[in-house]
Enquirer: 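First the structure, which I've put down as structure tokens, then a few questions once you've had a look.
Throughout, protein chains are lettered first and strands after them, A, B, ... in sequence-line order, and every chain is numbered starting at 1.
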Amino acid sequence: MKNDQQPQNQQELLQLSERENMKKVRQSLPIYKYREELLTLIRDNRVIVMVGETGSGKTTQVPQYLHEVGYTKIGRIGCTQPRRVAAMSVAARVSEEMGTKLGHEVGYSIRFEDCTSDKTVIKYMTDGMLLRELMMEPDLASYQVMIVDEAHERTLHTDILLSIIKDLSRARDDLKVIISSATIDAQRFSEYFDNCPIIKIPGRRFQVDIYYTKAPESDYIQAAVLTVLQIHVTQPKGDILVFLTGQEEIEAAEEMLTARTRGLGNKIGELLICPIYSSLPSDMQAKIFEPTPAGARKVVLSTNIAETSITIDNIIYVIDTGFAKQTSYNPRTGMESLIVTPISKASADQRAGRAGRVAPGKCFRMYTKWSFLNELDQNTIPEIQRTNLGSVVLMLKSMGINNLVNFDFMDSPPPEMIVKSLEQLYALGAINDEGDLTKLGRRMAEFPLDPFLSKMLVQSEYYKCVDQIITVCAMLSVGNTIFYRPNDKEKKIHADNARKAFFRPGGDHLALLNVYNSWADNGFSQNWCFENFIQIRSMRRARDVREQLILLCERVEIDVKDPSLSIFEDEMNTNICKCICSGFFYNAAKTNLNGTYKTLKNGHSITIHPSSLMFDIKPEWIVYNELVFTSKEYVRNVIEVKGEWLIEIAPHLYKEKDLLGDKRKMPKNTGTSDSRN
DNA sequence: GAGCACTGC
């Protein structure tokens with residue numbers, strides 16, 4: 001502290017001019033002209049909708065204005081963001097503008113990282129983080145203002161927040177709520193919040209000219225590739241961003257572009273092809289941020305990641321194929337599908353906007369204007385209407401919100417989805433006949449996990465494998481991005497062999513446990529990951545999740561001490577499988593002996609995904625982590641179980657006569673994972 | 001014998 005106050009004239013002067021400069025920058029933002037109007041509106045209303053276009057400065061300035069006029073003397077100002085990086089970087093920017101140290105007056109709170117202190121009066125956070133806070137502080141008593149930013153994105157967490165905040169703002173007449181959204185939805189937000197006033201703040205964006213195809217394109221990848229080449233040959237300098245739906249398309253486009261430009265030699269300028277998608281290793285992702293050398297042109301082949309999550313500088317041309325992969329959830333079958341779907345108008349405009357960040361740009365849409373006007377939906381269906389609501393329902397119940405079918409959502413999820421979640425929670429024992437949370441359910445709600453996983457975790461104490469199950473939970477919750485499979489025939493074989501080497505009798509979960517433990521035994525080494533085709537980013541994330549789960553276990557009094565030393569490996573593996581079964585018995589299936597399986601719950605036909613280590617083994621009974629439709633109905637992350645376990649663990653679902661009654665008819669050679677080696 | 005968009009607690 002004292003050192004900071006030593007007079008260091010040169011540096012202080014520099015800082016002073018920096019502050020002056022900062023002030024000028026702040027005052028040049030479009031929102032500055034609206035400062036007084038905005039503050040008056042907030043003073044006179046509990047809730048307002050703020051339409052701030054990109055570049056208006058709303059996210060950084062509004063909390064500061066409110067701070068400057070004294071709101072923070074009473075309570076904190078919170079501002080939620082859908083993404084972690086946004087929460088961090090905006091907080092850093094604002095603390096710099098205020099001349100304070102990050103984490104002091106201005107801070108941020110995201111999962112695994114709380115950069116706030118007692119002094120913090122402006123707090124940026126992810127919307128999911130605020131939901132967790134709401135479980136502990138249901139009235140948000142420590143906040144005077146809550147800003148829900150990027151509300152138009154309608155993420156699952158944002159939608160739930162909106163409902164809870166609407167409810168809360170009626171009870172707390174001193175709380176100021178600001179819903180910040182893009183133009184399109186402003187009216188709907190206002191209606192939802194009892195016709196609250198709307199303030200519109202223009203942004204600062206360059207014009208983007210839109211071009212359509214004259215006729216529909218049958219092959220949008222090829223069309224996109226040809227457009228890239230055409231731009232490259234005929235248009236002035238500036239990088240190109242192409243939106244495709246996934247890794248496969250990106251690799252195809254990359255090959256086509258390479259082949260097409262190869263023959264042209266030095267007739268045309270160099271074209272740098274940069275793929276980007278989230279599961280691409282970070283060092284390869286970094287390529288898109290490298291400055292383009294003079295005389296060359298960069299073409300970024302991207303998934304939706306570049307629509308909101310990643311911003312690339314110097315993009316002048318956008319090529320929009322008009323499609324994206326989208327999940328949908330069928331509550332009847334409990335199946336998720338990931339399907340190539342036409343994007344919405346809002347999404348198309350967002351993509352086009354990526355061309356106008358640094359200069360006037362051009363957007364080439366690989367579909368007709370008629371199609372844009374008549375075939376695309378206005379907005380993407382909000383996530384809350386197309387996702388499994390298990391953890392949402394559990395969370396809301398733990399906040400005391402019981403009547404979910406009549407709960408005031410901005411867009412209600414289909415009732416059958418809520419019913420399905422309730423049915424699953426009931427089967428897990430998280431809620432009772434009246435639909436109230438049980439003691440088990442309350443413990444489960446503490447964990448930031450899917451209810452199936454949290455049930456398994458709570459049960460792990462009984463099966464004496466808490467530490468192992470924590471690891472399994474952590475590995476499953478980082479998704480399917482652990483094993484890296486390069487885009488090269490030779491390397492693919494090596495990667496697959498590396499993967500198979502992690503096999504342990506029992507199933508995929510045990511292999512995941514093995515991966516984690518091997519990594520830990522090798523000192524969490526980066527090199528080890530590289531040699532074994534493991535994505536270190538996912539592993540580090542799993543390690544973070546693990547640490548968080550350990551802390552949470554202590555809170556709900558689950559003993560994390562590792563008792564495994566007194567148990568033999570075989571016995572331990574059985575315990576682990578039984579424990580997984582105690583969480584996932586709902587996802588049980590029996591072999592049909594022709595390579596497919598039949599789910600016990602509804603007789604649905606499914607197949608083990610070829611990436612599963614159980615693909616070649618095909619045990620009689622399995623329990624799976626997830627069921628996803630891609631080209632077929634595949635289950636991923638599978639373990640072998642015994643019919644007897646299912647009857648023992650879930651007698652309310654499975655009866656002996658139904659499961660084992662026809663066992664005598666089954667041939668004996670259905671193989672078990674133990675016979676593999 | 002297949003292929004997985006993107007977030008987030």
Enquirer: Among the nucleotides B:dC4, B:dG8, B:dC6, which one has an atom lying closest to any side-chain atom of A:Arg84?
Expert: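 Looking only at heavy atoms from C-beta outward on A:Arg84, the closest nucleotide is B:dG8.
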Enquirer: Between A:Phe323 and A:Tyr220, does the ring centre distance come in under 6.0 Å?
Expert: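 Yes - the distance between ring centres of A:Phe323 and A:Tyr220 falls below the 6.0 Å cut-off.
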Enquirer: Classify the nucleic acid contact of A:Gln548 as base, sugar-phosphate or nothing, counting any heavy atom under 4.0 Å across all strands shown.
Expert: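 Counting heavy atoms under 4.0 Å across all strands, no contact is made by A:Gln548.
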Enquirer: Checking all strands, does A:Leu338 fall into the base, sugar-phosphate, or nothing category for heavy-atom contacts under 4.0 angstrom?
Expert: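 Base: the residue A:Leu338, judged by heavy atoms under 4.0 Å, touches a nucleobase.
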Enquirer: With a 4.0 Å cut-off on heavy atoms, is A:Thr327 in touch with a base, just the backbone sugar-phosphate, or nothing at all?
Expert: base
Enquirer: For the pair made of CG in A:Leu449 and C1' in B:dG8, what is the distance, rounded to whole Å?
Expert: 12 Å
Enquirer: Give A:Arg636 one of three labels, base, sugar-phosphate or nothing, depending on what nucleic acid heavy atoms sit under 4.0 Å from its own.
Expert: base
Enquirer: Let's see if you can work this out: which of B:dA5, B:dC6, B:dG8 has an atom nearest to the side-chain heavy atoms of A:Lys325?
Expert: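 Looking only at side-chain atoms, A:Lys325 lies closest to B:dA5.
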Enquirer: Which residue pairs pass the salt bridge (Lys or Arg N to Asp or Glu O under 4.0 Å) test when at least one of the two sits in residues 335-350 of chain A, sequence neighbours left out?
Expert: A:Asp349-A:Arg365
Enquirer: Does A:Thr303 make a side-chain N or O approach to OP1 or OP2 of B:dC6 shorter than 4.0 Å?
Expert: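 It does, given that an N or O in the side chain of A:Thr303 lies less than 4.0 Å from OP1 or OP2 of B:dC6.
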Enquirer: Go nucleotide by nucleotide along DNA chain B from the 5' end; which of A:Ala324 and A:Val85 gets its closest nucleotide reached first?
Expert: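 Mapping each residue to its closest nucleotide by heavy atoms, the 5'-most match is A:Ala324.
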Enquirer: Pick base, sugar-phosphate or nothing for A:Thr126, based on heavy-atom distances below 4.0 Å to the nucleic acid.
Expert: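 Since only primed, P, OP1 and OP2 atoms lie under 4.0 Å of A:Thr126, the category is sugar-phosphate.
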Enquirer: Could you walk me through whether A:Arg154 and A:Asp411 satisfy the salt bridge (Lys or Arg N to Asp or Glu O under 4.0 Å) test, starting with their C-alpha distance in whole Å, then the side-chain angles of each, then the deciding distance to 0.1 Å, before giving a yes or no?
Expert: CA-CA 10 Å; A:Arg154 304 293 306 275; A:Asp411 286 295; 2.8 Å; yes
Enquirer: Would you kindly give the CD-to-P distance between A:Glu153 and B:dG8, to the nearest whole Å?
Expert: 10 Å
Enquirer: By the 4.0 Å heavy-atom rule, please label A:Leu156 as base, sugar-phosphate, or nothing.
Expert: nothing
Enquirer: Which nucleotide sits closest to the side chain of A:Pro610: B:dC6, B:dT7, B:dA2?
Expert: B:dA2
Enquirer: Which whole-number value in Å describes the distance from A:Phe629 CZ to B:dA2 C1'?
Expert: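 Roughly 13 Å, once rounded to whole Å.
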Enquirer: May I ask you to check whether A:Phe533 and A:Tyr484 place their ring centres under 6.0 Å from each other?
Expert: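 Here the rings of A:Phe533 and A:Tyr484 have centres that are no less than 6.0 Å from each other.
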Enquirer: Quick check on B:dC6: is either OP1 or OP2 less than 4.0 Å from any side-chain nitrogen or oxygen of A:Ser278?
Expert: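 For B:dC6, OP1/OP2 do have a side-chain N/O of A:Ser278 under 4.0 Å.
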Enquirer: When all nucleic acid strands are considered with a 4.0 Å heavy-atom cut-off, which category describes A:Arg132: base, sugar-phosphate, or nothing?
Expert: base
Enquirer: I'd like to check the salt bridge (Lys or Arg N to Asp or Glu O under 4.0 Å) partners of A:Asp508; sequence neighbours left out, ordered by chain and number.
Expert: none
Enquirer: Please state how far atom CD1 in A:Ile250 lies from atom C1' in B:dA5, giving the value in whole angstrom units.
Expert: 10 Å
Enquirer: Is it the case that the side chain of A:Ser309 and the backbone of A:Ala306 share a donor-acceptor pair, with hydrogens and angles ignored and the cut-off at 3.5 Å?
Expert: no
Enquirer: Categorize A:Tyr634 for me: base, sugar-phosphate, or nothing, with a 4.0 angstrom heavy-atom threshold over every strand shown.
Expert: sugar-phosphate
Enquirer: So which nucleotide from B:dA2, B:dG8, B:dT7 ends up closest to the side chain of A:Glu383?
Expert: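 Nearest listed nucleotide: B:dT7.
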Enquirer: Between C1' on B:dC9 and CG on A:Asp127, what's the gap in Å once rounded to a whole number?
Expert: 10 Å
Enquirer: Could you state the atom-to-atom distance from CG of A:Asp149 to P of B:dG8 in whole Å?
Expert: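 Atom-to-atom, A:Asp149 to B:dG8, this comes out as 15 Å.
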Enquirer: Separation of A:His609 atom NE2 from B:dC4 atom C1', in whole Å?
Expert: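 To the nearest whole Å, that distance equals 8 Å.
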Enquirer: Taking atom C1' of B:dA2 as reference, at what distance in whole Å does atom CZ of A:Arg499 sit?
Expert: 11 Å
Enquirer: Nearest to the side chain of A:Arg83, which nucleotide is it out of B:dA2, B:dC9, B:dG8?
Expert: B:dG8
